[in-house]
Amino acid sequence: MNLNYKVIKKSSECSARLGEFETIYGISKTPMFMPVGTQATVKNLSPEDIISTKSDVILSNTYHLWLRPGEDIVDMHGGLHNFMNYKNGPILTDCGGFQVFSLANPKDISEEGVKFKSHINGESLFLTPEESIRVQNKLGADIIMSFDECPYYPCTFKYMENSIERTLRWAKRCKETHSKSSTQALFGIVQGGEFPELRKKSAIETVALNFDGYSIGGVSVGEDNETKYKMIDYAIPYLPEDKIRYLMGVGDPIDLIEGVIRGVDIFDCVLPTRLARHNNAFTKYGKINLRNKKYMDDLSPLDNECDCYTCKNYTKSYIRHLIVSQEMLASRLLSIHNIRFLTSLMEEIRLAIKNDNLLEFRDNYISKYKK
RNA sequence: GCCUGAUUAGCUCAGUGGUAGAGCAAACGGCUGUUAACCGUUGGGUCGGAGGUUCGAGUCCUUUAUCAGGCG
C-alpha cells in the first residue's frame, strides 16, 4: 500500500523533514513517536487513554500474537484494530526480528528461518520470513515489517556481513509473500551495525527491492551514543527522500531529537511505558524516579507545562503514594504522562522544523535535560 | 501456682559450640523494534536481661522478664 508520504518541508540546517502520510485513519504527521503495544495492548492503557496521549500509530508484535492468542483469533475479530478496539489511528506490526535478538541463539538462525523456544511454554518454534508475513497479513496492521535479523552488538564484521546478506534474501522472500499489498504497507529493514560499508550495502540493496518505507534496525542494542548516531548517519544517505524512514526501538528524548536531525521520520520505543511501570517519569530536566522519598510531600504535577491527563489532575505526592502502596494506577498515570511527553516533544520538533530552528531547539533541550 | 514453647534486622523467620543470615520492608540505581508491575546496589542486629561453663556461646547451664498455649 502506498502511504502517499509527502515531505512538507525540509530543514535548511540539517536532514530533518516535516512530512505526512495517509491511511484510512486519516493524515499522520511526521516526525512521530509510536508507543508500543506488544500483546495488542499498550500495557496498562485503554484505547481511550492512548487517545488522550495524542498518539497516532501504535505498534504490536507478530511473534507475541502468533504464539498467543494466534493470528486466527485476531483474524476472527476482523483484525487487530477490532481485536484491541483501537480505532484512532494506524497500527504497525513488528516482524519478530527483534525476538531473534532477544530470544533466539545465533546458532539457531539458518537460511530458512529462526528456531525459537517459546518463552511461554518452551515449545520448539520455527519462524520464517514467509510465516512472519503470513501472520502479519492476518493480523491486518496498516504497516507491516519485513522479517530481519537484529544481530547482537557487538558482532564481527564477517558475522554482520553474512547477516545483512541473509536479511536481504529474507526481505525479497517477504516481498514475494506479501499478499495484502493493497491494504498493508510493507517496510524493509536496514541492518549493518556500526560498519559504514555494510549499512550502505544493506540500505542500497533493501531500497532496490522497492518497499513502501524503510527502517533502520539494530540500533539501541547496547552501543554508545556516538556509535548509535553514526549507525543512522551511515544509512540515511541511501534511503529515498519520498519514503518514510523509521528508526526502530529508539525513544530516549535526546535520541529522538538527534534522530530527526539526521532525517528520521518515525520512532517506536517501549521506554515510556516500561519506565512508567518502573516508577519513572520523563521531565524536561531528565527522568525522575517517583519512588524517591523526596516526592512524598511534593504537591506539584510531574511537569508544570505538560497537558496530559496525569499532570492536569495528580500530584507527585499522590503518585508516590500509589507506587509505595503498589497500586496499579501508578503505572497507568505514569504511562499516560510518559507517552504524552514524547508525543508532545515530537510536536515541538515539528514546530522547530517548520521554524527552521531545530538545531537551536536541540541545544536548548540538551542544556536542560540530564541524561 | 505448676508444665511446655517462644524471644535473633522495622516485620516473618533460618541458624544446635568455630567470622550472625534469608525473604519482605526501607533508601537508592538501571531500563531504548517488551520473556521486564522487572533487575540490581546499599543501609540495618550488645541474638530479651543478668550470671556461668568453655580457648571460643545466638547455640550448653542457672536465673530473670515478657508473650503464647496447657493443667490446676
Side-chain angles (χ1 to χ4, degrees), chain A residues 33-45 57-65 67-68 92-104 116-122 125 132 136 141 143-151 153 187-191 214-225 227-229 231-232 246-256 258-259 264 266-282 286-296 320 322-335 338 342 371:
Chain A
F33 174 79
M34 311 180 286
V36 177
T38 302
Q39 315 213 54
T41 167
V42 177
K43 291 185 191 295
N44 280 307
L45 301 189
V57 181
I58 64 172
L59 243 74
S60 200
N61 188 288
T62 303
Y63 168 83
H64 294 270
L65 297 178
L67 292 197
R68 189 171 55 188
L92 182 157
T93 42
D94 187 23
C95 58
F98 187 75
Q99 281 64 47
V100 177
F101 164 78
S102 62
L103 296 173
F116 285 95
K117 272 198 185 291
S118 161
H119 71 284
I120 300 167
N121 58 16
L125 305 165
S132 174
Q136 293 190 76
I143 301 171
I144 68 175
M145 303 303 298
S146 176
F147 188 65
D148 70 327
E149 179 192 357
C150 179
Y153 178 87
F187 281 25
I189 303 178
V190 175
Q191 291 286 351
Y214 298 94
S215 297
I216 299 170
V219 174
S220 277
V221 286
E223 75 282 7
D224 58 37
N225 274 331
T227 305
K228 174 166 45 191
Y229 300 146
M231 287 174 170
I232 304 168
Y246 165 24
L247 181 59
M248 305 183 84
V250 168
D252 177 272
I254 304 297
D255 291 348
L256 294 178
E258 296 289 359
V264 174
I266 64 177
F267 304 82
D268 81 284
C269 195
V270 303
L271 206 53
T273 46
R274 180 181 292 168
L275 285 177
R277 290 194 306 286
H278 297 171
N279 312 315
N280 283 251
F282 285 127
K287 53 188 166 51
I288 60 174
N289 189 337
L290 271 298
R291 202 199 313 118
N292 289 5
K293 194 168 192 171
K294 62 183 169 184
Y295 300 115
M296 187 159 64
R320 180 178 194 271
L322 294 177
I323 290 166
V324 170
S325 311
Q326 301 187 65
E327 284 293 341
M328 295 181 291
L329 183 59
S331 51
R332 174 169 167 239
L333 294 178
L334 286 168
S335 294
N338 284 347
L342 296 185
K371 194 153 178 172

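The figures that follow rest on heavy atoms only: side chains count, while hydrogens, waters and symmetry mates do not. Labels below follow one simple rule: chain letters A, B, ... track the order of the sequence lines, proteins then strands, and each chain is numbered from 1. This structure is a prediction, so every number in the text was calculated from the model and none was measured.
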* Grab the CG-P distance between A/Asn280 and B/C28 for me, whole Å please. => 12 Å

* To do: Under 4.0 Å between any heavy atoms, over every strand shown, what does A/Ser215 touch: base, sugar-phosphate, or nothing? Just pick one.
  => nothing

* Asked: Has the side chain of A/Asp252 got a donor or acceptor atom sitting under 3.5 Å from an opposite partner on the base of B/U32?
  -> no

* Let me know the distance between CG of A/Leu342 and P of B/U32, rounded to the nearest Å. => 14 Å

* Quick one: is A/Arg320 getting a side-chain N or O under 4.0 Å of the B/A27 phosphate, OP1 or OP2? -> yes

* To do: Nearest whole angstrom, please: distance from the P of B/U32 to the CD1 of A/Ile232.
  => 16 Å

* Can you name the closest pair of heavy atoms from A/Gly218 and A/Cys150 and give their distance? -> CA-SG, 3.9 Å

* To do: Round to a whole Å and report the spacing from CE of A/Met34 to C1' of B/U34.
  => 15 Å

* Indicate, with yes or no, if the rings of A/Phe116 and A/Tyr63 have centres closer together than 6.0 Å. => yes

* Examine B/C31: is either OP1 or OP2 under 4.0 Å from a nitrogen or oxygen in the side chain of A/Lys287? Give yes or no. => yes

* **Pairwise C1' distance, B/A57 and B/U35 [rounded to whole Å]** => 49 Å

* May I ask you to decide if A/Glu327's main-chain N or O and A/Ser325's side chain share a donor-acceptor pair within less than 3.5 Å? => no

* Asked: Who pairs with A/Ala281 by side chain to side chain contact (heavy atoms under 4.5 Å, CB included), at least two apart in sequence or on another chain?
  -> A/Ile288, A/Leu290, A/Leu302, A/Leu334, A/His337, A/Asn338

* Can you tell me how far C1' in B/G45 sits from the matching atom in B/A20, rounded to whole Å? -> 8 Å

* Structure fact -> Residues passing the side chain to side chain contact (heavy atoms under 4.5 Å, CB included) test with A/Lys117, sequence neighbours excluded, are A/Ser124

* **Complementary nucleotide of B/G1, counting Watson-Crick and G-U pairs under 3.5 Å** => B/C71

* CD of A/Glu223 versus P of B/G33: gap in Å, rounded? -> 11 Å

* Residue met sooner reading RNA chain B from 5', once A/Lys294 and A/Gly96 are mapped to nucleotides -> A/Lys294

* Any donor-acceptor pair under 3.5 Å joining the side chain of A/Thr273 to the base of B/U34? -> yes

* To do: Choose from B/U34, B/G33, B/U32 the nucleotide whose nearest atom is closest to any side-chain atom of A/Asp255.
  => B/U32

* Would you mind reporting whether A/Ile266 and A/Phe33 have side-chain heavy atoms less than 4.5 Å apart? => no

* When you get a sec, tell me which of B/U34, B/A27, B/G33 is the closest nucleotide to the side chain of A/Cys150? => B/G33

* To do: Report yes if a side-chain nitrogen or oxygen of A/Thr38 is closer than 4.0 Å to either non-bridging phosphate oxygen (OP1 or OP2) of B/U34; otherwise report no.
  => yes

* Asked: Considering only the C1' atoms, how many Å lie between B/G17 and B/C11, rounded to the nearest integer?
  -> 30 Å

* Asked: Between the base of B/G33 and the side chain of A/Gln136, is there any donor-acceptor pair under 3.5 Å?
  -> no

* Using atom P of each nucleotide, how far apart are B/U64 and B/A9 to the nearest Å? -> 25 Å

* Nearest whole angstrom, please: distance from the P of B/U35 to the CZ of A/Phe116. => 10 Å

* Expressed in angstrom and rounded to an integer, what is the separation of A/Tyr153 atom OH from B/U32 atom P? -> 15 Å

* Qualifying residues under salt bridge (charged side-chain N to carboxylate O under 4.0 Å, His left out), relative to A/Arg320, sequence neighbours excluded -> none

* To do: With P as the reference atom in both, quote the distance from B/G33 to B/U19 in angstrom, rounded to an integer.
  => 48 Å

* **Under 4.0 angstrom between A/Asn289 side-chain N/O and B/C28 OP1 or OP2** => no

* Asked: Among side-chain atoms of A/Asp148 and A/Gln191, is any donor-acceptor pair under 3.5 angstrom?
  -> yes

* Asked: Can you find a donor-acceptor pair, distance only, under 3.5 Å between A/Asn61 side chain and B/G33 base?
  -> no

* Go through the structure and list residues passing salt bridge (charged side-chain N to carboxylate O under 4.0 Å, His left out) with A/Asp255, not counting sequence neighbours. => A/Lys228, A/Lys371

* To do: Could you please name the partner base of B/C47, counting Watson-Crick and G-U wobble pairs only when both distances are under 3.5 Å?
  => none

For nucleotides 36-39 of chain B, list the nitrogen or oxygen atoms of the protein found under 3.5 Å from its nitrogen or oxygen atoms, one pair per line.
from: B/A36; atom 1: N7; to: A/Arg274; atom 2: NH2; distance (Å): 3.0
from: B/A37; atom 1: OP2; to: A/Arg277; atom 2: NE; distance (Å): 3.0

* **Pair partner, B/C24 [Watson-Crick or wobble, under 3.5 Å]** => B/G10

* To do: For B/G52 and B/G72, measure between their P atoms and round to the nearest Å.
  => 40 Å

* To do: Classify the nucleic acid contact of A/Ile189 as base, sugar-phosphate or nothing, counting any heavy atom under 4.0 Å across all strands shown.
  => base

* Asked: Does A/Gln99 make a side-chain N or O approach to OP1 or OP2 of B/U35 shorter than 4.0 Å?
  -> yes

* Under the salt bridge (charged side-chain N to carboxylate O under 4.0 Å, His left out) test, residues paired with A/Glu223 that sit two or more places apart -> none

* Rounded to the Å, how far apart are A/Phe101 CZ and B/G33 P? -> 10 Å

* Using the C1' atom as the reference point in each nucleotide, state the distance between B/G44 and B/A22 in Å, no decimals. => 14 Å

* In whole Å, what separates the P atom of B/G30 from that of B/U34? -> 23 Å

